[in-house]
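Pasting a structure below so you can have a look.
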Protein chains: 2
Amino acid sequence: MKRIADSTVRRLSAYLRFLEDFEARGLSTISSDELARQGGTTSAQVRKDLSFFGSFGKRGLGYSVPELSTRLREILGLGREWRVIILGAGKIGAALAHYEGFRQRGFQILAAYDSNPEKVGRKLEGIPVRGIAHLERDVAKEKPDIAVITVPADAAQQTLDLVVRAGIKAALNFAPTQLHAPADVTVKTVNMAMELEGLSFALVNR
Amino acid sequence: MKRIADSTVRRLSAYLRFLEDFEARGLSTISSDELARQGGTTSAQVRKDLSFFGSFGKRGLGYSVPELSTRLREILGLGREWRVIILGAGKIGAALAHYEGFRQRGFQILAAYDSNPEKVGRKLEGIPVRGIAHLERDVAKEKPDIAVITVPADAAQQTLDLVVRAGIKAALNFAPTQLHAPADVTVKTVNMAMELEGLSFALVNR
DNA sequence: TTTAGCTTGTGAAGAAATTCACAAGATCGT
DNA sequence: ACGATCTTGTGAATTTCTTCACAAGCTAAA
Ligand SMILES: NC(=O)c1ccc[n+]([C@@H]2O[C@H](COP(=O)([O-])OP(=O)(O)OC[C@H]3O[C@@H](n4cnc5c(N)ncnc54)[C@H](O)[C@@H]3O)[C@@H](O)[C@H]2O)c1
Ligand SMILES: NC(=O)c1ccc[n+]([C@@H]2O[C@H](COP(=O)([O-])OP(=O)(O)OC[C@H]3O[C@@H](n4cnc5c(N)ncnc54)[C@H](O)[C@@H]3O)[C@@H](O)[C@H]2O)c1
C-alpha cells in the first residue's frame, strides 16, 4: 500500500469528527466543500485525502454521511476496541484515566502502572494502579495494544524501553522528550510545552 | 521577515530542550549532527532551520551551547514572562494548573475561569477559580497573553469567541474540535484523540 | 429523453519542505 | 606554516504535499 502521510491521517480523523456531528444532526449527505470548510482546508484536499482509499462519493451529490463515517472508521482502525495502559499514575495520568473521549472512541483503559509503592493498589478513577514490576507479566497476559506514557521526562525513555520489551507496538508520550524506539514501534508525542512555545513565537513575530 | 514554517518552530523548540540537557551536563559545544541525532532529524535540517535566523555556529567546531540556547530562547520569545489563563477548571485544567513545565518556561498562570458556580471562588492548586462573567473585565486589567481552553467540546468555540472579544491573541485548545478565529489570533489545538487515532491507523496498516 | 446544474475523482501544475553536496572557515598536531 | 580533518552555511536538486482545473458521472426538472 502507498505510504499515507501523517497529515492526511490527521485530517481523516478531523473529517470523522465532523461527520459524527452531521450524523447527529440527521443530515444524510455532505460535500467535500462543506467538509473542507469545517476542517479549515480545501475541497480538493478532502477529495485527494479520500482518494487514497477509494471512491466513496457520488458525483453531483457528495458523500453519504453514514457510509463515509463507516469507511473512515475502518480506515483508521476504529472498528475494534483498543486496549490501553497508562504508565505513571500522576496528575496527567489521572486526567487521562478519567477522560471519556477515549472510551467513546473504543480505547479501553485496562490499568495504570506506577513505581511509587504508595500509589500501587489504589484506584485511579476506577482503574487499578499496579506496580511497574508486574508490567511484563501483565502485558503477556492481557495484551494491551497501546501504552500511554505519563511519567516524568527523565523516566520516559526507560519506560518506553520497558513497554517495547514487553511487546507493545504503539505508544503515546506526554513527557516533553524525544523518544527513540525500534522501527516497528510507533510513538507519538504530545508536547504541550512545544505548542505553547509555538504560540510564544507567533506572538513575538507579528 | 520570511515566513517560518510551523514545523521549523517545533524543531527549534526541540533543539532548545536538548541544549538545556547539554548545558546541564556541562558540555560547551554541540554539532548539528549531534542535535539532529537527538531530535530524530538530519544535520542539514538543523542547519537550515537555524539559517533562517542567522549564523550561530563556528565551522569545524559546531555551536556554543549557551550561546545557541540564548538565541533560541530569543527567537521563540521565551525571554519574557507570558501570562496565561485557563478556561475550564475541570480535570485537564487542573492537571495543567499543576504543571511545573509551564512555569519553568516562563508561562505564568494567573487564574482559571469556570461557569460552574460551585467551582468559582475555590482554588485550583493555588490558582484562583473565577466566574466566567468576570473574564472581560479581568482581561482588560491583567492583560493575559494566552488562553488555555479546557472546557467541554461544545463550549469551546463560544469560549474562544469570548477570549478573542476580550482581546487575547493566542489560545491553546484542548477540546477535540476545530476552532475558528480571526486571522490575527493564533490558535493551536492539542487533540489527543487524534493522536490515538494515528496510532490506531499505524497498528492496522502494517 | 434532453438539458442544466452540481460535485466527484484525478492527472498535471505549482508550492513547500527536505536533502544533497560542496566551498569556505575553523582547529589541531606536527 | 602547512596539511589533515572537522563542521558550518547555503544554493541547487529532489521529494513531498497542496492546489488547480476539468472530464466524467449523477440528479432533477422539463
Ligand atoms: N501535568 C500536566 O498537565 C502535564 C502536561 C504536559 C506534560 N506533562 C508531562 O507528563 C509527565 C507526568 O506529569 P505529571 O504532572 O502527571 O507528574 P506527576 O509527578 O504527577 O506524575 C508522575 C507519576 O509517574 C510515577 N513514576 C515516576 N517514575 C516512574 C517510573 N520509572 N515508572 C513508573 N512510574 C513512575 C510517579 O510515581 C508519579 O505518580 C511529565 O513528563 C510531564 O512533563 C504533564
Ligand atoms: N480529561 C482529559 O484527560 C482530557 C484529555 C484531552 C482532552 N480533553 C478535553 O478537555 C476538555 C475538558 O475535559 P475535562 O476532562 O477536564 O472535563 P471536565 O468536565 O472535568 O471540565 C470541564 C470544566 O469546564 C467547565 N465549563 C463548562 N462549560 C463552560 C463554559 N462555557 N465556560 C467556562 N467553563 C465551562 C465545567 O464547569 C468544568 O469545570 C474537554 O473538551 C475534553 O474533551 C480532556
Side-chain angles (χ1 to χ4, degrees), chain A residues 1-15 18-19 22 27-72 75 178 194 198 201 205, chain B residues 1-15 18-19 22 27-72 75 178 194 198 201 205:
Chain A
M1 189 206 263
K2 202 182 163 306
R3 175 169 155 59
I4 302 298
D6 220 63
S7 48
T8 296
V9 178
R10 301 176 71 81
R11 284 191 300 265
L12 293 180
S13 190
Y15 303 154
F18 307 138
L19 285 170
F22 267 69
L27 299 165
S28 65
T29 63
I30 189 172
S31 69
S32 58
D33 201 53
E34 179 64 19
L35 224 28
R37 200 162 326 117
Q38 297 287 322
T41 177
T42 66
S43 62
Q45 180 76 81
V46 171
R47 297 197 299 275
K48 183 69 84 181
D49 286 341
L50 296 176
S51 77
F52 294 131
F53 303 95
S55 324
F56 312 128
K58 272 206 175 45
R59 292 170 192 228
L61 245 194
Y63 300 87
S64 148
V65 171
E67 190 186 315
L68 186 56
S69 347
T70 302
R71 291 295 290 118
L72 283 181
I75 291 165
Q178 172 79 24
M194 198 178 270
F201 178 82
N205 291 280
Chain B
M1 187 206 265
K2 202 184 162 306
R3 171 163 160 63
I4 302 297
D6 219 65
S7 50
T8 296
V9 178
R10 300 177 70 82
R11 283 192 299 267
L12 293 179
S13 188
Y15 303 154
F18 309 137
L19 285 169
F22 268 69
L27 299 164
S28 65
T29 63
I30 188 171
S31 68
S32 57
D33 201 52
E34 180 65 18
L35 223 30
R37 200 162 325 117
Q38 298 285 323
T41 178
T42 66
S43 61
Q45 180 76 81
V46 171
R47 297 197 298 275
K48 182 70 80 182
D49 286 340
L50 296 175
S51 76
F52 294 131
F53 303 94
S55 324
F56 312 128
K58 273 205 173 48
R59 293 169 191 232
L61 242 196
Y63 301 87
S64 149
V65 171
E67 190 185 316
L68 186 56
S69 348
T70 302
R71 291 295 290 118
L72 283 181
I75 290 165
Q178 171 80 25
M194 200 178 268
F201 179 82
N205 292 280

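Proteins come first, then strands; the chains are lettered A, B, ... in the order of their sequence lines, and each starts at number 1.
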Expected list for residues 56-68 of chain B: side-chain donor-acceptor pairs under 3.5 angstrom, two or more places apart:
residue : atom : partner : partner atom : Å
B:Ser64 : OG   : B:Glu67 : N            : 3.2

### Task
Output all residues satisfying side chain to side chain donor-acceptor pair (under 3.5 Å) with B:Ser51, sequence neighbours left out; order by chain, then residue number.
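Side chain to side chain donor-acceptor pair (under 3.5 Å) list for B:Ser51, sorted by chain: empty.
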
### Query
In chain order, what residues pass the side chain to side chain donor-acceptor pair (under 3.5 Å) check against A:Gln45, with sequence neighbours excluded?
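Checked A:Gln45 against side chain to side chain donor-acceptor pair (under 3.5 Å); matches are A:Asp49.
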
### Query
Which nucleotides of nucleotides 23-30 of chain C have their base under 4.0 Å from a protein heavy atom (B), which only their sugar-phosphate (S), and which neither (-), written as one string 5' to 3'?
BBBS----

### Message
Reading DNA chain D in the 5' to 3' direction, which nucleotide is the first one with an atom under 4.0 Å from a heavy atom of chain B, and which is the last?
### Response
D:dC6 to D:dA12

### Query
What's the CD-C1' distance between A:Gln45 and C:dA15, to the nearest Å?
13 Å

### Task
For A:Arg47, check side chain to side chain donor-acceptor pair (under 3.5 Å) against everything at least two apart and list the hits.
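Partners of A:Arg47 by the side chain to side chain donor-acceptor pair (under 3.5 Å) criterion, ordered by chain and then number, come out as A:Ser32, A:Ser43.
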
### Task
Not counting sequence neighbours, list each pair that qualifies as a salt bridge (Lys or Arg N to Asp or Glu O under 4.0 Å) and has a residue in residues 27-46 of chain B.
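Pairs touching residues 27-46 of chain B that pass the test: B:Asp33-B:Arg37, B:Glu34-B:Arg37.
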
### Query
Going by heavy atoms in the side chains, are B:Phe53 and B:Ile4 under 4.5 Å from each other?
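Heavy-atom side-chain distance check passes, below 4.5 Å.
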
### Side-chain heavy atoms of A:Thr8 within contact of B:Phe201, under 4.5 Å
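No, every pair of side-chain atoms sits at 4.5 Å or beyond.
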
### Query
Do B:Leu72 and B:Leu50 have side chains that get closer than 4.5 Å, going by heavy atoms?
yes

### Message
Counting only heavy atoms and a strict 4.0 angstrom limit, can you tell me which residues of residues 30-40 of chain A come near DNA chain C?
### Response
A:Ser31, A:Ser32

#### Entry: A:Ser55 side chain near C:dT8 phosphate (N/O to OP1/OP2, under 4.0 Å)
no

### Query
Residues in side-chain contact (heavy atoms from CB on, under 4.5 Å) with A:Thr70, at least two apart?
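side-chain contact (heavy atoms from CB on, under 4.5 Å) check on A:Thr70 returns A:Glu74.
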
### Summary
Taken to the nearest whole Å, CZ/A:Arg47 to P/C:dG11 is 14 Å

#### Entry: Side-chain heavy atoms of A:Thr41 within contact of A:Tyr15, under 4.5 Å
yes

